[in-house]
Amino acid sequence: MSVLAYDLGAGSGRALLGHLNDRGIETSEIHRFKNEPVKVGERMHWDILRLHHELLQGLTLVKQQGEKPESLGIDSWGVDFGLLGSNGELLGNPYHYRDTQFNGMMDQVRQELTSQRIFERTGIQFLSFNTLYQLATLQRSGSPLLHEAERFLMIPDLLRYFLTGEAVNEFTNATTTQLYNPSAGQWDSELLAHIRISEKLFGEAVLPGTRVGQLRSSICNDLGLSPIPVIAVAEHDTGSAVVAVPATERSFAYLSCGTWSLMGTEIDHPAISKESLALNFTNEGGAGGTFRLLKNIMGLWILQESMREWERQGQGISYDALLARAEQAPLFASLFDPDDELFMPSGDMTTRIRQYCRDTGQVVPEDQGAIARAILESLALKYRRVLEWTEQLSGQAFNGLHMVGGGIQNRLLCQWTANSIGKPVWAGPAEGSAIGNMAVQWMASGAFKDIWEARKAIRDSFPVTVYEPQDGSIWEDAYGRFLRVTASSNSQAGSEV
């Protein structure tokens with residue numbers, strides 16, 4: 001049986017068709033497209049109607065190939081949302097989580113409610129762009145959107161609504177908002193009341209694997225398609241990626257690696273404790289009745305922004321050429337904390353990297369290779385730090401690290417991560433979110449009885465590259481220096497609370 005998976009990242013989107021047969025899972029890319037934010041005046045938005053158009057293009061291409069998927073699902077990044085008016089139409093383009101209007105609101109709300117109170121009710125880490133702070137910003141600035149809003153939908157919810165006409169919230173993405181109470185299994189009325197947002201905007205959050213309508217008849221008529229059921233998958237892309245981790249043991253650590261890096265482990269119940277609060281970990285919903293104890297790490301955003309900067313300056317370089325230069329650059333000359341708030345905004349990334357290194361008394365990287373090496377080494381060393389915290393919080397010792405997502409195509413990052421953690425890295429599959437999206441659709445149809453049967457099929461169907469640790473003593477010394485250099489960073493765990 002075939003299913004269609006739309007996987008939307010912060011920089012690009014893709015439509016993949018998955019076939020499940022006696023040989024296992026086979027996937028083919030149907031459509032790939034850019035997902036670029038649009039800046040109007042001082043505001044940054046997602047081009048949501050363009051994304052809807054690209055979903056329709058994917059359906060058109062599926063038809064042209066003679067395929068008839070039995071269902072489709074959508075996953076995307078978290079926290080961002082759209083608001084519908086009383087006529088069911090979208091009120092304005094959704095804001096981008098990097099929009100500067102939200103700056104400073106997290107500190108205000110935390111002072112009012114205390115970090116402990118917010119964390120006890122949600123189990124979610126403190127990030128300045130969480131939905132809680134976005135909505136508080138709109139309310140306190142008198143945004144007309146909230147005066148007219150009748151319904152709150154997150155990005156996959158909204159795109160599903162465009163396709164089906166059914167306004168439904170989904171569990172895994174709802175938990176990213178820092179407005180959902182996992183213990184109560186519902187949106188948190190106390191937090192919503194504090195920021196003066198009506199509970200009526202929010203619907204019950206359905207679990208992954210729930211059927212939430214089918215393609216609108218108007219779309220079927222326009223494209224010449226038969227109705228296709230639409231499944232609410234694990235709609236936060238990390239939730240889908242974790243489904244696709246080809247683990248053989250119940251205790252495993254994962255790193256979903258792309259524009260963002262998200263590292264953690266899978267647990268049965270939220271780990272809401274003073275320790276997880278102090279380390280600013282999060283407890284996001286997962287598929288199959290699980291939770292994801294994890295921490296956000298800035299990820300390849302820093303490298304991507306640097307490459308865009310060079311492109312604007314007429315100094316563009318291919319990814320492979322940049323990695324080759326990075327490999328030849330001096331070792332551990334310049335280290336920094338990828339999660340320092342200095343690196344959150346877009347633009348002038350290389351200037352800010354140099355500023356960090358200058359301020360910490362290190363070699364200031366000048367050329368492209370030195371900058372790329374500094375980024376990748378710093379990421380690999382931060383991964384070790386977060387892996388240690390994950391073991392500490394979960395009470396587990398992991399034998400290695402599963403890496404999934406597009407970032408695993410960066411062989412230097414995979415090898416340097418293995419070197420840094422001193423354990424094997426198992427890299428694959430690259431299209432983890434899309435494959436996990438498919439797996440939940442097959443679980444919904446009964447083709448897989450549970451998440452572990454799905455993982456076995458994924459393990460048997462996709463290659464995994466093993467990276468064994470090398471140069472242990474060199475990386476051990478570098479880790480000590482990394483900890484010293486980043487000790488005063490404003491992103492270190494303790495300063496978050």
Side-chain angles (χ1 to χ4, degrees), residues 1-7 14-30 62 65 67-73 75 172 208-209 231 233-234 237-258 262-268 286-290 292 396 398-411 414-415 417-418 423-468:
M1 61 179 294
S2 66
V3 296
L4 178 62
Y6 290 106
D7 173 36
R14 56 212 61 85
L16 275 73
L17 198 66
H19 292 273
L20 181 62
N21 51 44
D22 292 341
R23 296 184 301 276
I25 301 170
E26 298 174 355
T27 65
S28 57
E29 185 177 295
I30 300 296
V62 165
Q65 294 190 15
E67 296 283 357
K68 296 182 178 179
E70 297 192 21
S71 64
L72 68 84
D75 67 80
T172 67
I231 306 298
V233 295
D237 52 9
T238 309
S240 280
V242 173
V243 172
V245 172
T248 58
E249 300 177 346
R250 299 274 169 166
S251 174
F252 65 91
Y254 58 80
L255 173 63
S256 179
C257 186
L262 300 104
M263 180 183 285
T265 189
E266 194 172 70
I267 55 179
D268 294 330
T290 63
R292 292 169 284 132
Q396 303 174 66
F398 303 113
N399 297 323
L401 178 65
H402 289 275
M403 287 181 66
V404 298
I408 69 169
Q409 298 174 67
N410 186 324
R411 60 177 181 79
C414 293
Q415 183 60 62
T417 299
K423 298 176 181 180
V425 162
W426 306 295
E431 295 288 357
S433 293
I435 293 167
N437 178 323
M438 295 172 187
V440 172
Q441 293 185 61
W442 283 318
M443 288 164 62
S445 71
F448 292 138
K449 67 180 181 181
D450 59 22
I451 196 170
W452 288 99
E453 187 172 31
R455 284 178 175 145
K456 182 180 186 307
I458 292 167
R459 189 166 62 247
D460 293 342
S461 302
F462 299 97
V464 171
T465 302
V466 180
Y467 293 86
E468 295 289 349

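Predicted model, so just to flag it, every value in this text is computed and none were measured. One-based numbering along the sequence shown.
- Of all heavy-atom pairs between I458 and V243, the closest is CD1-O, 4.0 Å.
- For the pair V3 and W442, the minimum side-chain heavy-atom distance is below 4.5 Å.
- Here the shortest heavy-atom pairing between G400 and K423 reads CA-CB, 4.0 Å.
- The side-chain contact (heavy atoms from CB on, under 4.5 Å) with V233 is formed by just one residue from the set M438, M443, Q441; it is Q441.
- A distance of 7.0 Å separates OG of S28 from CG of L16, quoted to the nearest 0.5 Å.
- Scanning both residues, A234 and T172, for their nearest heavy atoms gives C-OG1, 3.5 Å.
- Between the side chain of Q415 and the backbone N or O of E468 there is at least one donor-acceptor pair closer than 3.5 Å.
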field: Residue pair N399, E249: steps toward the side-chain contact (heavy atoms from CB on, under 4.5 Å) verdict
entry: CA-CA 10 Å; N399 297 323; E249 300 177 346; 3.7 Å; yes
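- Here the CZ atom belonging to R250 is positioned 5.0 Å from the CH2 atom belonging to W452, to the nearest 0.5 angstrom.
- Checking side-chain atoms of T265 against main-chain N and O of F252 turns up a donor-acceptor pair under 3.5 Å.
- Within the 4.5 Å cutoff, side-chain heavy atoms of L17 are placed close to those of P69.
- Under the 3.5 Å distance criterion, the side-chain polar atoms of S461 are left unmatched by any main-chain donor or acceptor of G24.
- How far OH of Y254 is from NE2 of H402: 12.0 Å, rounded to the nearest 0.5 Å.
- Contact between G436 and A244 at its shortest, heavy atoms only, is N-CB, 3.7 Å.
- In this structure, R455 contributes its side chain and T248 its backbone to no donor-acceptor pair below 3.5 Å.
- In this structure, CG on L255 lies 10.0 Å from OG1 on T238, to the nearest 0.5 angstrom.
- The OG atom of S2 sits 11.5 Å away from atom CD of E26, with the distance rounded to the nearest 0.5 Å.
- The shortest heavy-atom contact between S433 and D7 is CB-OD1, 3.4 Å.
- In this structure the side chain of F462 reaches within 4.5 angstrom of the side chain of I25, judged on heavy atoms.
- For the pair N437 (side chain) and S240 (backbone), a donor-acceptor distance under 3.5 Å is absent.
- Across all their heavy atoms, V464 and P246 have their closest contact at CG2-CG, 4.1 Å.
- Proximity of E67 to H19: side-chain heavy atoms (C-beta onward) are separated by under 4.5 Å at one or more points.
- Considering only heavy atoms from C-beta on, S445 comes within 4.5 Å of M1 through its side chain.
- Interatomic distance, CD1 of I408 versus OG of S256, reported as 10.0 Å (0.5 Å rounding).
- Residues I451 and E266 are in side-chain contact: their nearest non-hydrogen atoms beyond the backbone lie under 4.5 Å apart.
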